[in-house]
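Single-structure report; data block below.
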Amino acid sequence: MRYLTNVIGLGLIVVAVSACGAQNQAVEPAAGPASGNLSTVPPSPTAPPSSSPAPVPGSQPGVPGAPRQEVPEGSTKVPDKQLDASALPADYPREVYTSNGGTILNIRGQEGGCGHATAEAAQQDGTRVTVNLTELKGQTGQMCTMDIRYPVISVALAAPLGERTVVLKQMR
C-alpha cells in the first residue's frame with residue numbers, strides 16, 4: 001500500500017511538471033476508455049510573425065496631425081532663412097519640410113516616455129505661420145519609459161507656405 005501511494009504521488013508530480021513545460025501543447029487522453037496513457041496534440045498553427053510592424057492608424061503620408069518617424073517622400077526642406085525657432089529650447093529639433101504643394105508642414109517634434117508630440121498652426125497671415133508644438137503627457141501614476149523620440153508631425157495650412165516665415169513655439 002505504501003509503495004502504491006509513493007508511485008501515485010510521484011506520478012502526480014511528473015504530470016504537473018510536464019504540464020508546466022508544455023505551454024503550447026494540449027494534452028488529451030489516448031484512444032481507449034481505460035488507457036492511462038496520455039498523448040500530446042500538436043499546437044494549432046499560428047500565423048508567422050510579420051516582418052514589418054503594423055501600420056499606425058492615421059499615419060499615412062500627407063495626413064495632417066499623424067505622427068511618423070520619417071519625413072514623407074517628396075517633401076522639401078524649408079530654408080533656414082524662413083524658419084524662426086528662437087522660442088524653442090536649444091536641444092529641440094529644428095527641421096521643417098513642406099509637402100502637397102506647400103500646404104502641409106512636416107515638423108520634427110520631440111516627445112518622451114508616455115508623452116505624445118502634437119502641432120497646431122495657431123496663426124497664419126501673409127508674412128508668417130506660427131506653429132505651437134506641444135507634448136501631451138500621459139496619465140499620472142503611470143509608469144513611463146525614459147526615452148526621447150523625434151516624430152514628424154504634419155500640420156495643414158490654409159494656403160501654400162510660399163515665402164512666409166515659419167515661427168515655432170513650444171507650449172507647455
Side-chain angles (χ1 to χ4, degrees), residues 20-26 40-172:
C20 290
Q23 294 173 354
N24 290 330
Q25 296 181 350
T40 60
V41 177
S44 61
T46 58
S50 173
S51 61
S52 62
V56 176
S59 64
Q60 296 83 16
V63 176
R68 65 181 75 66
Q69 293 304 310
E70 299 299 324
V71 176
E73 283 188 40
S75 296
T76 305
K77 189 169 185 342
V78 173
D80 290 340
K81 66 179 179 155
Q82 265 185 271
L83 184 61
D84 177 0
S86 60
L88 294 179
D91 61 344
Y92 204 95
R94 287 157 166 74
E95 289 180 42
V96 180
Y97 299 83
T98 60
S99 61
N100 198 33
T103 60
I104 294 180
L105 293 179
N106 297 297
I107 303 162
R108 178 80 58 189
Q110 180 175 311
E111 64 186 18
C114 295
H116 297 284
T118 63
E120 172 189 28
Q123 181 183 6
Q124 301 182 50
D125 59 33
T127 59
R128 57 197 243 171
V129 174
T130 302
V131 178
N132 291 338
L133 301 166
T134 308
E135 181 181 2
L136 301 176
K137 301 291 183 175
Q139 300 172 353
T140 57
Q142 179 181 3
M143 292 183 67
C144 299
T145 60
M146 297 279 300
D147 63 330
I148 296 177
R149 298 176 300 274
Y150 302 99
V152 175
I153 309 152
S154 298
V155 177
L157 299 178
L161 180 63
E163 297 299 315
R164 296 186 289 173
T165 300
V166 177
V167 180
L168 299 178
K169 293 184 177 180
Q170 184 182 30
M171 308 307 287
R172 295 204 179 242

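We use all heavy atoms of the structure for the numbers below, so side chains are in, but hydrogens, waters and symmetry mates are not.
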Inset, instruction - Please identify each residue that fulfils side-chain contact (heavy atoms from CB on, under 4.5 Å) with T103, with sequence neighbours left out. - result: N100, P160
Legend entry - Flag, side chain of Q124 to backbone of A158, donor-acceptor distance under 3.5 Å: yes
Inset, instruction - For residues 148-163, pull every pair meeting salt bridge (charged side-chain N to carboxylate O under 4.0 Å, His left out), keeping only residues two or more places apart or in separate chains. - result: E111-R149, D147-R149
Inset, instruction - Sort and list the pairs that fulfil salt bridge (charged side-chain N to carboxylate O under 4.0 Å, His left out) and have at least one residue in residues 84-97, not counting sequence neighbours. - result: E95-R108
Legend entry - disulfide bond (SG atoms under 2.5 Å apart) partners of residues 72-101, not counting sequence neighbours, each pair once: none
Inset, instruction - Mind checking side-chain contact (heavy atoms from CB on, under 4.5 Å) for T127 and listing every partner two or more places apart, or none if nothing turns up? - result: D125
Inset, instruction - Please identify each residue that fulfils side-chain contact (heavy atoms from CB on, under 4.5 Å) with Q110, with sequence neighbours left out. - result: Y92, P93, I148, Y150
Legend entry - disulfide bond (SG atoms under 2.5 Å apart) pairs, two or more places apart, involving residues 104-172: C114-C144
Legend entry - Smallest separation among heavy atoms of G126 and R164, with atom names: O-CG, 3.4 Å
Legend entry - Heavy-atom closest contact (G102 atom, L157 atom, distance): O-CD1, 3.6 Å
Inset, instruction - With side-chain contact (heavy atoms from CB on, under 4.5 Å) as the test, would you mind laying out the steps for V129 and T165 before giving the verdict? - result: CA-CA 6 Å; V129 174; T165 300; over 6 Å; no
Inset, instruction - I would like to know whether I107 and V152 meet side-chain contact (heavy atoms from CB on, under 4.5 Å); could you show each step before the answer? - result: CA-CA 5 Å; I107 303 162; V152 175; over 6 Å; no
Inset, instruction - Please list, chain by chain and in numerical order, all residues satisfying side chain to side chain donor-acceptor pair (under 3.5 Å) with Q170, sequence neighbours excluded. - result: R172
Legend entry - salt bridge (Lys or Arg N to Asp or Glu O under 4.0 Å) partners of R128, counting only residues at least two apart: none
Inset, instruction - Go through the structure and list residues passing salt bridge (Lys or Arg N to Asp or Glu O under 4.0 Å) with K169, not counting sequence neighbours. - result: none
Inset, instruction - Can you sort out the partners of K77 under side-chain contact (heavy atoms from CB on, under 4.5 Å), two or more places apart, ordered by chain and number? - result: D80, Y97
Inset, instruction - For salt bridge (charged side-chain N to carboxylate O under 4.0 Å, His left out), just list the numbers for R68 and E70, CA-CA rounded to whole Å, side-chain angles, deciding distance to a tenth of an Å, and then say yes or no. - result: CA-CA 6 Å; R68 65 181 75 66; E70 299 299 324; over 6 Å; no
Legend entry - Side-chain heavy atoms of V78 within contact of L161, under 4.5 Å: yes
Legend entry - Distance, nearest 0.5 Å, that separates OG of S154 from CG of N106: 4.0 Å
Legend entry - Separation of I153 CD1 from E120 CD (nearest 0.5 Å): 12.0 Å
Legend entry - Interatomic distance, L105 atom CG to S75 atom OG [nearest 0.5 angstrom]: 10.0 Å
